[in-house]
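Worksheet: one structure, shown below.
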Amino acid sequence: MKLIHDHLWGILTVWQEARGESYEGKMAVAEVILRRTQQKYSSDGTIAGTCLQPLQFSGWNAKDPNRIKAAQVDSEDPMVLECELAFDIALKGSNMSHGALLYLNPSGFPPNGLPGWVARCEEVAVIGRHHFYVPKEG
């Protein structure tokens, strides 16, 4: 079953998470969303279920100011269109993020205050302010 507006959740999540990043950074975030969806990594296998999984994409957290802003974006806004294009390219199989399932912007955390999952992962790419990770084997 394909949900009619499933891609919209991905595009809005890219807008929330990477609108200040380069086009490549937007594609890499889209890739993570799609890879998590495909692998059902903190996901029910839908893009909406991946993006809205609690505490996975900060823009959808209840107190994040971007949550409401994302619901109000103009579909003709150039930044939204760039996020949509990046998502479409990721759907075709780009791999800017080198297989990453996770990412973060470390500047959003205090020194020595990164989430615990970072220690259990290998960093595979840095694009703009985002660091991309894959879980270590074993």
Side-chain angles (χ1 to χ4, degrees):
M1 173 176 89
K2 182 175 177 169
L3 301 174
I4 295 171
H5 297 294
D6 209 33
H7 292 177
L8 179 60
W9 291 104
I11 294 162
L12 292 175
T13 302
V14 171
W15 180 85
Q16 289 175 324
E17 298 279 320
R19 69 181 177 277
E21 297 294 325
S22 67
Y23 180 71
E24 292 79 9
K26 290 174 183 68
M27 273 194 325
V29 168
E31 292 166 6
V32 168
I33 294 166
L34 293 167
R35 197 170 291 115
R36 284 174 158 222
T37 301
Q38 181 183 32
Q39 295 181 21
K40 294 187 177 180
Y41 184 92
S42 292
S43 170
D44 65 359
T46 66
I47 295 168
T50 302
C51 295
L52 297 173
Q53 183 74 24
L55 305 177
Q56 296 302 304
F57 295 95
S58 61
W60 295 118
N61 293 347
K63 294 185 179 182
D64 192 296
N66 288 314
R67 187 171 68 105
I68 300 301
K69 289 178 185 177
Q72 299 171 333
V73 296
D74 180 344
S75 63
E76 298 302 317
D77 180 277
M79 184 59 63
V80 173
L81 293 172
E82 185 172 289
C83 292
E84 181 177 14
L85 182 59
F87 194 81
D88 289 345
I89 296 298
L91 278 167
K92 293 177 182 171
S94 63
N95 192 18
M96 299 294 302
S97 63
H98 302 282
L101 284 169
L102 302 154
Y103 66 89
L104 60 73
N105 176 348
S107 68
F109 296 90
N112 300 319
L114 293 178
W117 61 260
V118 172
R120 299 184 302 274
C121 292
E122 176 186 348
E123 185 177 277
V124 292
V126 176
I127 303 171
R129 293 181 297 264
H130 287 130
H131 294 233
F132 293 83
Y133 301 88
V134 295
K136 292 178 184 172
E137 297 293 322

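Note that the structure is predicted; figures quoted are calculated from it, not measured.
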Query raised in the report: Between the side chain of Asp88 and the main-chain N/O of Lys92, is any donor-acceptor distance below 3.5 Å?
Result: no
Correct closest heavy-atom pair for Ser43 and Gly45 would be OG-N, 2.9 Å
Q.
Could you see if Val29 belongs to whatever hydrophobic cluster contains Val80? Use Ile, Leu, Val, Met, Phe, Trp, Tyr and a side-chain cutoff under 4.5 Å.
A. yes
Donor-acceptor pair, distance only, cut-off 3.5 Å: does the side chain of Glu84 make one with the backbone of Ile11?
no
In one Ile/Leu/Val/Met/Phe/Trp/Tyr side-chain cluster, 4.5 Å: Tyr133, Met96: no
On a heavy-atom basis, the closest approach of Phe87 and Ala30 is CD1-CB, 3.7 Å
Separation between CD (Glu123) and NE2 (His131), nearest 0.5 Å, reads 5.5 Å
Problem set entry | His98/Ile127 under side chain to side chain contact (heavy atoms under 4.5 Å, CB included): CA gap, chis, key distance, verdict | CA-CA 11 Å; His98 302 282; Ile127 303 171; over 6 Å; no
**OP:** Show your working on side chain to side chain contact (heavy atoms under 4.5 Å, CB included) between Met79 and Lys26 and close with a plain yes or no.
**Re:** CA-CA 10 Å; Met79 184 59 63; Lys26 290 174 183 68; 3.3 Å; yes
request  = State plainly whether one hydrophobic cluster holds both Val126 and Val118, where clusters connect Ile, Leu, Val, Met, Phe, Trp and Tyr through side-chain heavy atoms under 4.5 angstrom apart.
outcome  = no
Check whether the side chains of Gln56 and Arg36 place a donor and an acceptor atom closer than 3.5 Å, and report yes or no. yes
Report task. Tell me, yes or no, whether the heavy-atom count around Gln38 atom CD, taken from other residues, nucleotides or ligands under 6.0 Å, exceeds 12. Result -> no
To the nearest 0.5 Å, atom NZ of Lys69 lies from atom CG of Asp64 at 9.0 Å
hydrophobic_cluster_shared for Leu114 and Leu101, side chain cutoff 4.5 Å: yes
May I ask you to decide if the ring planes of His130 and Phe132 are parallel, tilted or perpendicular, using 30° and 60° as cut-offs?
-> perpendicular
Nearest heavy-atom contact between Met27 and Ala90 is O-CB, 4.1 Å
- Query: If you draw the axis of the six-membered ring of Trp117, does the NZ or CZ of Arg120 fall within 45° of it and under 6.0 Å from the ring centre?
  - Reply: no
Checklist entry - Does the side chain to side chain contact (heavy atoms under 4.5 Å, CB included) test come out yes or no for Leu12 and Gln16, once each step is laid out? => result CA-CA 6 Å; Leu12 292 175; Gln16 289 175 324; 5.6 Å; no
Nearest heavy-atom approach of Thr50 to Ile33 is CG2-O, 3.8 Å
For Pro115 and Leu104 the tightest heavy-atom approach is CD-CD2, 3.7 Å
Minimal heavy-atom distance between Trp15 and Asn66, with the atoms involved, is CZ3-O, 4.2 Å
Donor-acceptor pair, distance only, cut-off 3.5 Å: does the side chain of Asn61 make one with the backbone of Lys63? no
Task: Trace of the side chain to side chain contact (heavy atoms under 4.5 Å, CB included) decision for Val32 with Leu102 - done: CA-CA 7 Å; Val32 168; Leu102 302 154; 5.9 Å; no
Between the CG atom in Leu52 and the CD1 atom in Ile47, the distance rounded to the nearest 0.5 Å is 11.5 Å
Item checked: Side-chain donor-acceptor pair present, Glu31, Ser97, cut-off under 3.5 Å -> yes
Here the gap from Arg19 atom CZ to Glu82 atom CD, rounded to the nearest 0.5 Å, amounts to 12.5 Å
Between Leu85 and Trp9, is there shared hydrophobic-cluster membership here, with clusters defined by ILVMFWY side-chain heavy atoms closer than 4.5 Å? yes
